[in-house]
Amino acid sequence: KNELAQEEYLKCLDIVIKVHGPEHPLVGTVYFNTANLYAAQGMFDEALELYTQRLAIWIKGKHEEAQELCKKILGVETELHGPDHLAVARTYGRMATLCVLQAKIDEARDLFQKSLNINIKVYGPEHPAMTE
């Protein structure tokens, strides 16, 4: 069943891109649905790639939706790499930036802090990346 669903999503994606172009919101929806299927199958790298592509489409002015997608990406990255991985830190940073764009400064500060804490764990507090 999953193989058939995957095949149908990919056919749908091809058609939607041809009809609407690669940056149309409907393309993002197909990416999202396909990514959910991949994640359910444990294909986290493939899911992450599609979630990221959807985010790129949605981030153009749809900050709330982009934030929700970042949460989904964060879940996949945490499952794939663990909570203290640099990919997780980058996603926290993206989420913080989206919060700044929405004037959610306290939430942004908390997310930036989570990103920083992971970077300090990975690099150490004396690493040049931590002092710049």
Side-chain angles (χ1 to χ4, degrees):
K1 292 181 183 179
N2 286 336
E3 292 82 21
L4 179 60
Q6 180 179 336
E7 185 178 312
E8 293 302 316
Y9 275 131
L10 294 176
K11 285 180 189 176
C12 180
L13 180 62
D14 187 47
I15 292 167
V16 171
I17 289 173
K18 285 178 183 173
V19 171
H20 297 289
E23 294 188 8
H24 191 275
L26 189 53
V27 173
T29 300
V30 177
Y31 282 146
F32 185 73
N33 292 338
T34 307
N36 285 338
L37 176 66
Y38 286 158
Q41 294 175 313
M43 300 169 61
F44 296 115
D45 287 330
E46 293 86 349
L48 186 58
E49 176 64 30
L50 292 179
Y51 285 137
T52 302
Q53 289 177 12
R54 174 150 187 220
L55 178 61
I57 292 170
W58 276 25
I59 204 163
K60 296 175 182 173
K62 295 190 173 189
H63 304 300
E64 287 289 333
E65 291 150 344
Q67 191 75 297
E68 288 303 311
L69 185 54
C70 277
K71 289 177 184 176
K72 191 94 166 173
I73 290 170
L74 183 66
V76 171
E77 288 174 338
T78 302
E79 178 78 22
L80 187 62
H81 302 297
D84 294 327
H85 193 273
L86 288 175
V88 173
R90 281 192 298 273
T91 298
Y92 278 131
R94 289 182 187 117
M95 292 171 71
T97 299
L98 287 167
C99 286
V100 169
L101 293 172
Q102 297 172 75
K104 297 178 179 178
I105 304 306
D106 290 336
E107 188 176 345
R109 185 178 302 114
D110 293 342
L111 291 166
F112 278 131
Q113 188 63 53
K114 287 180 181 183
S115 179
L116 178 62
N117 290 344
I118 293 169
N119 277 282
I120 290 171
K121 282 182 185 178
V122 171
Y123 293 117
E126 303 302 317
H127 190 276
M130 300 298 99
T131 59
E132 294 178 355

Practice problem: Please determine if Lys11 and Glu7 form a salt bridge, counting it only when a charged side-chain N lies under 4.0 Å from a carboxylate O. | Solution: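 A salt bridge links Lys11 with Glu7.
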To the nearest 0.5 angstrom, please state how far the [atom1] atom of [X] sits from the [atom2] atom of [Y].
X: Glu107; Y: Cys99; atom1: CD; atom2: SG; answer: 3.5 Å
X: Lys104; Y: Gln67; atom1: NZ; atom2: CD; answer: 6.5 Å
X: Asp110; Y: Gln113; atom1: CG; atom2: CD; answer: 8.5 Å
X: Leu86; Y: Lys121; atom1: CG; atom2: NZ; answer: 12.0 Å
X: Gln6; Y: Gln41; atom1: CD; atom2: CD; answer: 5.5 Å
X: Lys72; Y: Thr52; atom1: NZ; atom2: OG1; answer: 13.5 Å

Are [Y] and [X] linked, directly or through intermediate hydrophobic residues, by side-chain heavy-atom contacts shorter than 4.5 Å (ILVMFWY only)?
X: Leu26; Y: Ile15; result: no
X: Leu10; Y: Leu37; result: no
X: Leu80; Y: Tyr51; result: yes
X: Tyr123; Y: Tyr92; result: yes
X: Met43; Y: Tyr31; result: yes

Closest heavy-atom pair and its distance - [X], [Y]:
X: Val88; Y: Gly82; answer: CG2-O, 3.4 Å
X: Asp84; Y: Val122; answer: O-CG2, 3.5 Å
X: Phe44; Y: Ala39; answer: CE2-O, 3.8 Å
X: Val30; Y: Cys12; answer: CG2-SG, 3.8 Å
X: Leu98; Y: Cys70; answer: CD1-SG, 3.9 Å
X: Val27; Y: Pro22; answer: CG1-O, 3.7 Å

Quiz prompt | N/O donor-acceptor pair under 3.5 Å between Thr91 side chain and Ala87 backbone | solution =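 The answer is yes, because a donor-acceptor pair under 3.5 Å joins these two groups.
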Quiz prompt | Sole candidate of Thr34, Asp14, Asn36 that passes side-chain contact (heavy atoms from CB on, under 4.5 Å) when paired with Tyr9 | solution =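 Only one option passes, and that is Thr34.
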Quiz item: Does Arg54 make a cation-pi contact with Phe32, if we ask for NZ or CZ under 6.0 Å from the ring centre and within 45° of the axis?
Solution: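 Yes, a cation-pi geometry.
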